[in-house]
Amino acid sequence: MNFRQTIDALGERVNPVLVKEVRQSFHNTWILVFAATVLFGELLIMLMLQSEVFSAARRGSVFFTLLLCILTGGGMLIGGAIPMQRFYNERKQSDLDYSTMTNLSGVQMVLGRLFSGALTILLLYAMCLPFMVISYFLGGVALTEMLATASFFFLVLLLVTQAGLLFGAAGSRIASVVFQLGLFIAGWVVILAALQLFEVSGVFGFALSLQTFVIAVSVTLLIGGLLFVLTVAAVLPRPANRMLPVRLYIFALWALIPALPAIWDVDVVNWQRVLEAWAVLTMLLIVLTAGIAACERDVQSYRVLRRTPGNFLFRAIFFLFSSGSGGGLCFAWLLFAGMAVMAGYGTAKNFWPVPLGWAALALFIGGLALVLRGFFRPLRRLPGPVLCLATAGLVFFVRLVLQLVAANEDWLEIATAYGVYIVLAGIVLLLNSAMILRQFGDCSRAVRERRAAAREESGRS
């Protein structure tokens, strides 16, 4: 095989989604115009440094701080907003779900877009790299600080890109507008925080210990992984077992997150603080899991049922982690049970009612949305996120009314007590028990039908 054939063979192995996205990105007029604007802004900053406003010792730190502001704003626009809008347009304008018309997996489709966004951000970094070198020679900033801060912000911009792909995969106009508005607000918050931090410390890339840097990078990667599996689940067809990778990742995240403090010396770690941080993380995961369960189907697809294991224990585990509103609600309660066990080992008893109460409130809202959808057929036409948000608004409205009209202090304490949410969540779970048992029974019936078909086939042979 000659060199040309080798290159052609390698080209066939490249993700076609990556090739398409890169071609569209580098033919996008807005990206080219913004790249020219970035170069002009960097030259303008160099002219500003010639003034007497900043001392010679601080010019390098000033230059580096402003470069990071440009990278943040530009990366959010190029890596977040533009890929999100392009993905949204493709999902909205397609008459058929293109995930069913290709042999590419959901992971390949999302990775192709993510790598395209990473290449675009790298282009922005390449334009800023010569000016970063200039800021180093101007003085006032260490090389290790520059590399660590620039690397961390590259991961943050990749996180923004992945979040944009998630909102674009939703195919909702409201979701795209919310993401663009949040991106605009977050960009200004980051820029203002950078300038405020510069006023305090004199340099944006302030000195960080290696352990803190590793923790920050690990948290960013873990959040990015969660957004990645959610995006993969969004692009897969509805009959697929979309929630299996999501719940596996959430469970692994919940189980492995306490290992991060092991980077520090065990003797100096405040394990009580670690346990409290773990409780807050569990609360957030329960809120996410209960919300997803309220948006799932009440009847499992054939593609999910045919993969049900024959063993009863494995079948129960498969039911918890697979797509379906019943399994999703039980999975959220599994996380809540783990949180309650953690509360038993905690020493700060005044801390635990808050995360336990909010987690129980999320379970109550998610379960109530499923109850309302089961009893009122017109509500089944509403999208899952709309029904979940409407249910949450109703619950908080009733809670606010009870706080305002409760003249008796005893009733006010009952309306705001976190233990009440746990009782209400348990009641809603009992109301959903018939739906949960029906879905688990569908899994068992699929196993029996598969065994009967296998016995019939063996009898014929």
Side-chain angles (χ1 to χ4, degrees), residues 159 163 166 215-216 218-230 233 243-264 269-296 316-317 319-322 325-370 388 391-392 395-396 417-426 428-429 432 436:
L159 183 65
L166 175 59
I215 288 292
S218 301
V219 172
T220 305
L221 292 176
L222 290 175
I223 297 175
L226 178 61
L227 296 178
F228 179 81
V229 294
L230 288 174
M243 288 298 109
L244 179 61
V246 175
R247 290 189 182 130
L248 287 176
Y249 186 87
I250 289 177
F251 184 78
L253 181 63
W254 174 78
L256 298 179
I257 199 66
L260 285 179
I263 298 175
W264 279 285
V269 172
N270 189 343
W271 291 105
Q272 180 60 35
R273 294 295 183 186
V274 172
L275 198 61
E276 293 176 359
W278 196 16
V280 174
L281 172 69
T282 307
M283 178 192 69
L284 297 176
L285 293 179
I286 290 174
V287 172
L288 176 63
T289 306
I292 293 176
C295 302
E296 290 190 70
I317 297 175
F319 175 74
L320 286 175
F321 287 90
S322 297
S325 57
L329 189 61
C330 293
F331 181 75
W333 272 95
L334 176 65
L335 295 179
F336 184 79
M339 189 177 183
V341 173
M342 292 190 304
Y345 288 96
T347 57
K349 300 302 181 182
N350 296 329
F351 167 80
W352 288 96
V354 177
L356 283 172
W358 282 104
L361 180 60
L363 291 173
F364 171 64
I365 293 174
L368 182 61
L370 292 175
C388 190
T391 306
V395 171
F396 281 105
Y418 293 107
V420 176
Y421 299 147
I422 300 178
V423 176
L424 292 176
V428 170
L429 179 64
N432 284 306
I436 296 173

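No hydrogens, no waters, no symmetry mates; every other heavy atom, side chains included, goes into these values.
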Enumerate, atom names and distances included, each donor-acceptor pair closer than 3.5 Å involving a side-chain atom of residues 284-296, sequence neighbours excluded.
unit_1: T289; atom_1: OG1; unit_2: L285; atom_2: O; d: 2.7
unit_1: E296; atom_1: OE1; unit_2: R247; atom_2: NH2; d: 3.4
unit_1: E296; atom_1: OE1; unit_2: G324; atom_2: N; d: 2.7
unit_1: E296; atom_1: OE2; unit_2: R247; atom_2: NH2; d: 2.1

Any chance you could measure [X], atom [atom1], to [Y], atom [atom2], to the nearest 0.5 Å?
X	Y	atom1	atom2	value
L429	I436	CG	CD1	5.0 Å
F331	L320	CZ	CG	8.0 Å
L248	L253	CG	CG	12.5 Å
W254	L334	CH2	CG	7.0 Å
L363	L424	CG	CG	11.5 Å

For [X] against [Y], the heavy-atom pair lying closest together:
X	Y	answer
A360	A425	O-CB, 3.6 Å
M339	L356	CE-N, 3.6 Å
S325	L370	CB-CD2, 3.8 Å

Under 4.5 Å between any side-chain heavy atoms of V420 and F364, yes or no?
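In short, these two side chains do not touch, never coming nearer than 4.5 Å.
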
Below 4.5 Å, heavy atoms only, C-beta onward: do Y249 and L230 meet side chain to side chain?
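Contact flag for Y249/L230 side chains = no.
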
Should the heavy atoms of other residues, nucleotides or ligands under 6.0 Å from CZ of F251 be counted, would the total exceed 12?
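No, not enclosed.
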
Please evaluate residues L361 and F396 with respect to the criterion side-chain contact (heavy atoms from CB on, under 4.5 Å), reporting the C-alpha separation (whole Å), side-chain torsions for both, the decisive distance (0.1 Å), and the verdict.
CA-CA 10 Å; L361 180 60; F396 281 105; 3.7 Å; yes

